[in-house]
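What's counted below: heavy atoms across the whole structure, side chains too, no hydrogens, waters or symmetry copies. Chain letters run A, B, ... following the sequence lines, proteins first, then strands; residues in each count from 1.
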Protein chains: 2
Amino acid sequence: MTEIKERSERVARRLRMEGYRLTPQRMAILQAVLESPSHLTAEEIYRQVSADFPMLSLATVYKTLHMLKGLGEVMELTVDGRSHYDGDAPPHPHLICVRCHTIIDLPLEMAVTVPEEALAERGFRALWHQVEVHGLCRQCQEETSRA
Amino acid sequence: MTEIKERSERVARRLRMEGYRLTPQRMAILQAVLESPSHLTAEEIYRQVSADFPMLSLATVYKTLHMLKGLGEVMELTVDGRSHYDGDAPPHPHLICVRCHTIIDLPLEMAVTVPEEALAERGFRALWHQVEVHGLCRQCQEETSRA
DNA sequence: TTAACTGCAAATGCTTTGCATCGAT
DNA sequence: ATCGATGCAAAGCATTTGCAGTTAA
């Protein structure tokens, strides 16, 4: 909890420094993304934050998430045509169910094994990486075999 | 080339076996995906195949790609809200430019390093995996620094 | 022959945008 | 007081769907 508070204060400071305004909507959206253990969609963030800010608009949620993504403070994960947002700092692998589209985090610090030379050869500057394992979650395996 | 022909014949055989009809459209779409060294979008496949089949519809392209994906014969990679399709067999990492959305293949057989136990613990059955490295391609680095 | 497939056009659903108003600085 | 941010509604765009006509088997 304190960790999340510290993190959101750090981001707030950064926003101010870079000339962004600290609106209550932005703070609430940021808080929601950081707090959630799962990977919320814009819609879910909207519904959740709306409880405190009934006048919030979905467009603002999208605009804020876009900004935070641009700053690298949240990551975007597209599953089945829907974007999910994750505020976790250390990159970790995601298990993605191809049937129900659930996303499961693996709490492992994946040191990705792409050799530096391969990137350097192509003049590519890596910013972050992402490991996705696609398959069937437990429940979907059961439901598939039952059919 | 022969490799591609063999591959498409193998897929054709599989389709027939599983009760799908082998229409000229399907064969042409399959061919196009297998032949292309890049990661075509549905739109690009449509334009390309349309040269030979002017009566082809985009809906058929989507339906066919969806079917092939379901069979695991092609993989889907979503970048910036657009799906790209890749018929390559061995899974390899992708470098994705966050600015221009170019996709670069790395011809490395990535043995992904997600420990089996982590999957087993969660009852997750892995089907395939995907490594994405997000960053800036050479050209976009130059254009960014110039600005 | 007949059930699956195609093509068309309309519909869907997520995301973005334009613009008048509001509010953080 | 300024200019960026918000909220609303409309627009945008990739993808899906319904259906009548077509065709592979």
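- The side chain of A/S57 places no N or O atom within less than 4.0 Å of a non-bridging phosphate oxygen (OP1 or OP2) of D/dC8.
- Taking atom OH of A/Y20 as the reference point, atom P of D/dT6 lies 12 Å away to the nearest angstrom.
- For the pair A/R26 and D/dA5, the criterion of a side-chain N or O lying under 4.0 Å from OP1 or OP2 is met.
- For D/dT23, neither phosphate oxygen OP1 nor OP2 lies less than 4.0 angstrom from any side-chain nitrogen or oxygen of B/T23.
- Between the base of D/dG4 and the side chain of A/K63 there is no donor-acceptor pair shorter than 3.5 Å.
- Distance B/H66 NE2 to C/dA4 C1': 17 Å, rounded to the nearest Å.
- Looking at B/Q48 and B/E44, their side chains never bring a donor and an acceptor atom within 3.5 Å of each other.
- As rounded to whole Å, 13 Å separates atom C1' of D/dT15 from atom CZ of A/R82.
- If you take CG of B/L68 and C1' of C/dC5, they are 14 Å apart, rounded to a whole angstrom.
- Residue B/S83 has a polar side-chain atom (N or O) positioned under 4.0 Å from OP1 or OP2 of D/dT15.
- Residue A/Y62 has no polar side-chain atom (N or O) positioned under 4.0 Å from OP1 or OP2 of C/dT16.
- Closest to the side chain of B/R21, out of C/dG7, C/dC5, D/dG7, is C/dC5.
- Close to C/dG23, at under 4.0 Å from its OP1 or OP2, lies no side-chain N or O of A/Q25.
- Whole-Å rounding puts the A/M17 CE to C/dT25 P distance at 15 Å.
- Distance A/F53 CZ to D/dT6 P: 11 Å, rounded to the nearest Å.
- Straight-line distance from the CG atom of B/L58 to the P atom of D/dT16: 10 Å, rounded to whole Å.
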